[in-house]
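The structure presented is a predicted model; accordingly, all values stated were derived computationally and were not measured.
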Amino acid sequence: MSANIRYRGSDYDCWDSETVLDSLLRHGVAFNFSCRKGVCLECMMRTTAGAAPAAAQAGIDKDLRKGGYFLPCLCRPLTDLTMEPPEATKVYGRAIVVAKKRLAPHVCRVTLRPSAPLYYHAGQFILLRRIDGLARAYSLASVPALDRNLDIHVRRTPDGHMSG
Ligand SMILES: Cc1cc2nc3c(=O)[nH]c(=O)nc-3n(C[C@H](O)[C@H](O)[C@H](O)COP(=O)(O)OP(=O)(O)OC[C@H]3O[C@@H](n4cnc5c(N)ncnc54)[C@H](O)[C@@H]3O)c2cc1C
């Protein structure tokens, strides 16, 4: 048996043995994802028809859960689902790049100025989303108490879409 996943106007079958993310990748759909364990939130989507199982909403903010947000990497659908990308204004804040410094041949420090202060602890990461929708996770290298700007250290991945 399989469930039908509708995404951006196309239908994809999702086998019992796979997650929604596995299914989309099997069908060759270009899709944001990284950890595949429900940690990075990079693949987060929202349902517009059908409901994702509660297990696919683990770790997501309560209001977003109510709005049908879920993680395709954890989602083994019990019913057919129609899903759309997150609403950017609900999930993301704006930031501009204010500086870039090469720290090593393949590592660049990128300094971002968020439009509103971000409260965070050492060890946390942000999800950086480009204007075209490409999103990747980066660990914060700045010190929260010292600077309102956010530093990330980006290592260039060969053929990487974001890090390049
Ligand atoms: C929590 C978290 C924190 C991170 N922090 C940092 C950080 O501080 N600094 C940093 O440089 N990076 C960090 N990353 C990695 C970062 O999110 C990107 O994955 C990385 O920059 C590469 O993205 P890209 O778009 O350049 O490469 P992509 O275009 O995504 O991929 C480049 C190559 O890798 C392959 N690839 C992509 N994803 C996978 C996968 N899941 N498994 C196997 N192969 C794959 C592609 O096929 C391609 O050949 C972090 C990731 C996570 C999950």
Margin query: With clusters defined by side-chain heavy atoms of hydrophobic residues (ILVMFWY) lying less than 4.5 Å apart, directly or transitively, does Phe33 cluster with Leu24?
Written below: yes

Notebook entry, point to check: Distance from Leu74 atom CG to Arg36 atom CZ, nearest 0.5 Å?
Noted result: 11.5 Å

Notebook entry, point to check: Once you round to the nearest 0.5 Å, how far does OH of Tyr138 lie from OG of Ser34?
Noted result: 9.0 Å

Next item on the list: Write down the atom of Asn4, the atom of Asp80, and the distance for their closest heavy-atom approach.
Entry: N-OD1, 2.8 Å

Can you list, pair by pair, the side-chain donor-acceptor contacts under 3.5 Å of residues 88-116, counting residues two or more places apart and other chains?
| residue | atom | partner | partner atom | Å |
| --- | --- | --- | --- | --- |
| Thr111 | OG1 | Asp151 | OD1 | 2.7 |
| Arg113 | NE | Asn149 | OD1 | 3.2 |
| Ser115 | OG | Arg94 | O | 3.2 |

Note to self: Is there a path of hydrophobic side-chain contacts, each under 4.5 Å between heavy atoms, that joins Ile152 and Leu118?
What the structure shows: yes

Checklist line | Heavy-atom closest pair, residues His121 and Gln124 | finding: N-OE1, 2.7 Å

Checklist line | Nearest heavy-atom neighbours spanning Tyr7 and Met83 | finding: CD1-O, 3.5 Å

Note to self: Distance check, rounded to the nearest 0.5 Å: Arg130 atom CZ versus Met162 atom CE?
What the structure shows: 5.5 Å

Item checked: Nearest-0.5 Å distance that lies between atom CG in Asp11 and atom CZ in Arg6 -> 4.0 Å

Notebook entry, point to check: At what distance, to the nearest 0.5 angstrom, does CG of Leu150 lie from OH of Tyr120?
Noted result: 5.5 Å

Next item on the list: State whether the number of non-hydrogen atoms from other residues, nucleotides or ligands found under 6.0 Å of Asp132 atom CG is greater than 12.
Entry: yes

Notebook entry, point to check: If every non-hydrogen atom of Pro117 is compared with every non-hydrogen atom of Arg148, which pair is closest and at what distance?
Noted result: N-NH2, 4.3 Å

Pairs of donor and acceptor atoms involving the side chains of residues 49-62, under 3.5 Å and at least two apart or interchain, shall be tabulated with distances.
| residue | atom | partner | partner atom | Å |
| --- | --- | --- | --- | --- |
| Gln57 | NE2 | Arg65 | O | 3.1 |
| Gln57 | NE2 | Tyr69 | O | 2.8 |
| Asp61 | OD2 | Asp63 | N | 3.1 |
| Asp61 | OD2 | Leu64 | N | 3.3 |

Item checked: Option from Cys14, Ser10, Cys75, Pro72 for which side-chain contact (heavy atoms from CB on, under 4.5 Å) with Ile5 holds -> Cys14

Next item on the list: Calculate, to the nearest 0.5 Å, the distance between atoms CG and CD belonging to Leu128 and Glu42 respectively.
Entry: 10.0 Å

Note to self: Hydrophobic clusters here meaning ILVMFWY residues chained together by side-chain heavy-atom distances under 4.5 Å, can you tell me if Leu134 and Leu41 are in one?
What the structure shows: no

Could you pull out every donor-acceptor pair under 3.5 Å between side chains of residues 25-32 and any protein atom, sequence neighbours left out?
| residue | atom | partner | partner atom | Å |
| --- | --- | --- | --- | --- |
| Arg26 | NE | Glu18 | OE1 | 3.1 |
| Arg26 | NE | Glu18 | OE2 | 3.3 |
| Arg26 | NH2 | Asp13 | O | 3.0 |
| Arg26 | NH2 | Glu18 | OE2 | 2.6 |
| His27 | ND1 | Ser23 | O | 2.8 |
| His27 | NE2 | Asp13 | OD1 | 2.8 |
| Asn32 | OD1 | Ala135 | N | 3.2 |
| Asn32 | OD1 | Arg136 | NH1 | 3.4 |
| Asn32 | ND2 | Gly133 | O | 2.9 |

Note to self: Could you check whether any side-chain heavy atom of Phe70 comes within less than 4.5 Å of a side-chain heavy atom of Leu81, counting everything from C-beta outward?
What the structure shows: yes

